[in-house]
A.B. asks: 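After the C-alpha cells below, expect a handful of questions from me.
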Amino acid sequence: MKNNINRKFRQISVYTLKFGVAFGLVAYLLYTGKLDIHAIYGATDNYGYLVAAFFCVLAAIMINFFRWFLLLRGQDINLSAREVISLNFIGLFFTTVLPGAVGGDLVKSVYIARKAPDKKTAAVLTVLLDRVVGLIALIIIGCAGLTVNFKNFYDNPALKTLGITLYIVLLGLGIFFIAGLSRRIYRHRITLIIFRTLPFSEAINKVYAAFHAYRYRPRILLYSIIISFVTHAFNIWSFYFITLALGFEHLSVYTYFFIVPVGMITTALPVAPAGIGIGQAAYLKLFEWSVGSPTTVGADAITILQIFSICIFLCGGFFYITYKNRMNPD
C-alpha cells in the first residue's frame with residue numbers, strides 16, 4: 001500500500017514538473033515578447049491560409065493511421081480499420097495530457113498488447129516501429145532540405161551543427177535497419193553470443209525476432225516510409241500556410257523542409273505534454289537562425305499548429321469512452 005502511494009506521488013510529481021516546464025517556457029516567451037499573442041490573433045484575418053493549414057494537419061493525422069495499420073499486418077495482427085482508428089485517436093488523446101509527443105504511445109501499447117495477447121512483444125514493437133519509421137522519413141526530409149539549402153545553412157554555425165547531427169543520426173538508423181533485417185547478421189554465431197550475454201536477453205531476442213520478421217515483408221516497410229513522406233509533407237505545408245497567415249514571407253518553402261522536421265523532432269522529446277513550450281523555444285531559434293534576425297514567427301506558428309492539433313487530439317476522448325464501453329458492455 002505504501003509503495004503504491006509513493007509510486008503515485010512520484011508520478012504526480014513528474015507530471016506536475018513537466019507541465020510546469022511547458023507552461024513556464026510559454027510564460028517566459030510571452031513575458032519577453034518572443035511569443036506574440038497579437039500576431040497570433042491577427043492571423044485570423046487571413047483565415048483562408050489557416051483553414052488550409054488545419055486540413056493539412058487533419059490529413060496528416062488520418063494518413064498516418066494507415067501506416068500503423070500496415071505495420072500491424074506485417075506481424076499478422078489483423079485489426080479492423082475501426083479499431084485502428086479508435087486506438088490511434090486514444091493515443092492522440094493521451095498525448096495531450098502525458099509528457100512528450102510520444103506519451104500517448106504508452107497507452108496505445110497497453111491496448112494493443114491486450115488485443116494480441118499471444119503476440120504482445122510484436123504488437124508493442126509496431127507502436128515503437130511506427131515512430132521510428134516516421135522519424136527516419138522526417139530525418140531524410142530534413143537532410144534533403146539541408147542539401148537543397150546547403151549554402152545558406154553552412155554559413156550559420158548552429159544550423160550547420162544541426163545538419164551534421166541529422167546526417168549522423170540518419171546513418172546510424174540506416175545501419176540499425178540493415179543489421180536488424182540482415183539474415184546473415186541475425187543468424188551469425190557472434191550475434192547469438194552477444195544477445196545471450198545482454199541483460200534481459202529473452203525480451204531483447206523477442207523484439208529482435210519480431211523486427212526481423214519484416215525482412216520477409218519489405219513492401220510493408222517501404223510503403224510505411226512512403227506514407228511517412230506524405231504525412232510530413234502535409235505537416236510542412238501546414239506550417240508554411242500558418243506563417244503566410246502571420247504575414248511572414250521571408251523564407252522559401254524549401255527552407256521549411258529543414259526547419260520543420262528539426263522542430264518536430266525536438267517537440268517529440270518527453271519533456272512536456274504535446275511538446276508545448278519546447279516547440280515554441282525550438283521554432284523561435286530555428287526561424288531566427290534562418291532569417292538572421294530576431295523574429296517571433298516560429299513560436300507564433302507552432303502555437304497555432306499546436307492549437308489545431310490539440311483540437312483534433314481531444315476528439316480521442318470520444319473514442320476512449322466508446323471503446324471502453326465496447327470492451328466492457330456491462
A.B. asks: Hydrophobic clusters here meaning ILVMFWY residues chained together by side-chain heavy-atom distances under 4.5 Å, can you tell me if I307 and V297 are in one?
C.D. replies: no
A.B. asks: Less than 6.0 Å separating the ring centroids of Y283 and F239?
C.D. replies: yes
A.B. asks: Before you tell me yes or no, could you show the steps for S86 and E83 under side-chain contact (heavy atoms from CB on, under 4.5 Å), namely the whole-Å CA-CA distance, both residues' side-chain angles and the distance that decides it to 0.1 Å?
C.D. replies: CA-CA 5 Å; S86 294; E83 286 183 303; 5.6 Å; no
A.B. asks: Could you check whether any side-chain heavy atom of I302 comes within less than 4.5 Å of a side-chain heavy atom of L284, counting everything from C-beta outward?
C.D. replies: no
A.B. asks: For the pair H232 (side chain) and I139 (backbone), establish whether a donor and an acceptor sit closer than 3.5 Å, ignoring hydrogens and angles.
C.D. replies: no
A.B. asks: Report yes if some heavy atom in the side chain of F54 is under 4.5 Å from a heavy atom in the side chain of L50; otherwise report no.
C.D. replies: no
A.B. asks: Can you see which heavy atom on A122 is nearest to which on Q75, and at what distance?
C.D. replies: CB-OE1, 3.5 Å
A.B. asks: Are side-chain heavy atoms of F234 and V57 found at a separation under 4.5 Å?
C.D. replies: no
A.B. asks: Report the C-alpha distance between F65 and L92 in whole Å, list the side-chain angles of each, state the deciding distance to 0.1 Å, and finish with yes or no for side-chain contact (heavy atoms from CB on, under 4.5 Å).
C.D. replies: CA-CA 11 Å; F65 290 174; L92 293 176; 3.9 Å; yes
A.B. asks: I'd like to know if the side chain of T44 reaches the main chain of Y47, judged simply by a donor and an acceptor atom lying under 3.5 Å from each other, with no hydrogens or angles considered.
C.D. replies: no
A.B. asks: Closest heavy-atom contact between T243 and A301?
C.D. replies: CG2-CB, 3.9 Å
A.B. asks: Please find the pair of heavy atoms, one from A52 and one from F241, that lie closest to each other, and give the distance.
C.D. replies: CB-CD1, 3.9 Å
A.B. asks: Measuring from atom NZ of K120 to atom CD1 of I77, what distance do you get when rounded to the nearest 0.5 angstrom?
C.D. replies: 12.5 Å
A.B. asks: Check for a donor-acceptor pair, side chain of R67 on one end and backbone N or O of I227 on the other, with a separation under 3.5 Å.
C.D. replies: no
A.B. asks: Applying ring pair (Phe, Tyr, Trp, His ring centres under 6.0 Å), can you list everything that pairs with F318, at least two apart in sequence or on another chain?
C.D. replies: none
A.B. asks: Within a strict 4.5 Å, meaning less than it, do heavy atoms of the I175 and L171 side chains meet?
C.D. replies: yes
A.B. asks: What about V124 and V84, same hydrophobic cluster or not, with Ile/Leu/Val/Met/Phe/Trp/Tyr joined at side-chain heavy-atom distances under 4.5 Å?
C.D. replies: no
A.B. asks: Angle class for the W237/Y240 ring planes (parallel below 30°, perpendicular above 60°, tilted otherwise)?
C.D. replies: perpendicular
A.B. asks: Just jot down the ring pair (Phe, Tyr, Trp, His ring centres under 6.0 Å) partners of F257, sequence neighbours excluded, or say none.
C.D. replies: none
A.B. asks: Look up atom CD1 in I61 and atom CD1 in I312, then write down how far apart they are to the nearest 0.5 Å.
C.D. replies: 4.0 Å
A.B. asks: Is the distance from the ring center of F248 to that of H250 below 6.0 Å?
C.D. replies: yes
A.B. asks: If every non-hydrogen atom of N235 is compared with every non-hydrogen atom of A60, which pair is closest and at what distance?
C.D. replies: OD1-CB, 3.5 Å
A.B. asks: Hey, could you give me the CD1/CD1 distance between I236 and I259, rounded to the nearest 0.5 Å?
C.D. replies: 10.5 Å
A.B. asks: Is any side-chain heavy atom of I242 closer than 4.5 Å to one of Y49?
C.D. replies: no
A.B. asks: Do L221 and L129 come close enough that some side-chain heavy atom pair is under 4.5 Å?
C.D. replies: yes
A.B. asks: In this structure, is the centre-to-centre distance between the rings of Y256 and F287 below 6.0 Å?
C.D. replies: yes
A.B. asks: E249 and L244: which non-hydrogen atoms are nearest, and at how many Å?
C.D. replies: CG-CD2, 3.8 Å
A.B. asks: Donor-acceptor pair, distance only, cut-off 3.5 Å: does the side chain of Y214 make one with the backbone of L71?
C.D. replies: yes
A.B. asks: Given 3.5 Å as the limit, does a donor-acceptor pair link the side chain of K108 with the main chain of N88, or not?
C.D. replies: no
A.B. asks: State whether a side-chain donor-acceptor pair under 3.5 Å links S228 with T231.
C.D. replies: no
A.B. asks: What distance do L70 atom CG and R217 atom CZ have between them, rounded to the nearest 0.5 Å?
C.D. replies: 11.0 Å
A.B. asks: Can you hop from Y254 to F258 via hydrophobic side chains spaced under 4.5 Å?
C.D. replies: yes
A.B. asks: Looking at the rings of F94 and Y320, which for Trp means the six-membered one, are their centres under 6.0 Å apart?
C.D. replies: yes
A.B. asks: Is it true that a side-chain atom of D130 and a backbone atom of T126 form a donor plus acceptor pair closer than 3.5 Å?
C.D. replies: no
A.B. asks: Which heavy atom of F93 sits nearest to which heavy atom of L314, and what is that distance?
C.D. replies: CD1-O, 4.0 Å
A.B. asks: Do F313 and F89 have their ring centres less than 6.0 Å from each other?
C.D. replies: no
A.B. asks: Using side-chain contact (heavy atoms from CB on, under 4.5 Å), reason through I112 and L72 one step at a time and then give a plain yes or no.
C.D. replies: CA-CA 10 Å; I112 192 59; L72 286 168; 4.0 Å; yes
A.B. asks: Please round to the nearest 0.5 Å and tell me the distance separating atom CZ of F55 and atom OG of S238.
C.D. replies: 13.0 Å
A.B. asks: Evaluate N64 against W68 for side-chain contact (heavy atoms from CB on, under 4.5 Å), listing each step before the verdict.
C.D. replies: CA-CA 7 Å; N64 223 27; W68 190 44; over 6 Å; no
A.B. asks: Quick one, F319 and L87 - any side-chain contact, counting heavy atoms below 4.5 Å?
C.D. replies: no
A.B. asks: Should we say atom OH of Y167 is surrounded by more than 12 heavy atoms from elsewhere, each under 6.0 Å from it?
C.D. replies: yes
A.B. asks: Before giving the answer on side-chain hydrogen bond (donor to acceptor under 3.5 Å, both in side chains), spell out for Q280 and T303 the whole-Å C-alpha distance, their side-chain angles and the decisive distance to 0.1 Å.
C.D. replies: CA-CA 7 Å; Q280 277 75 6; T303 300; 2.9 Å; yes
A.B. asks: Please round to the nearest 0.5 Å and tell me the distance separating atom CG of L170 and atom CD1 of I141.
C.D. replies: 11.5 Å
A.B. asks: Would a hydrophobic clustering, with Ile, Leu, Val, Met, Phe, Trp and Tyr connected at side-chain separations under 4.5 Å, put I164 with L135?
C.D. replies: no
A.B. asks: Can you find a pair of side-chain heavy atoms, one from F69 and one from L79, that are under 4.5 Å apart?
C.D. replies: no
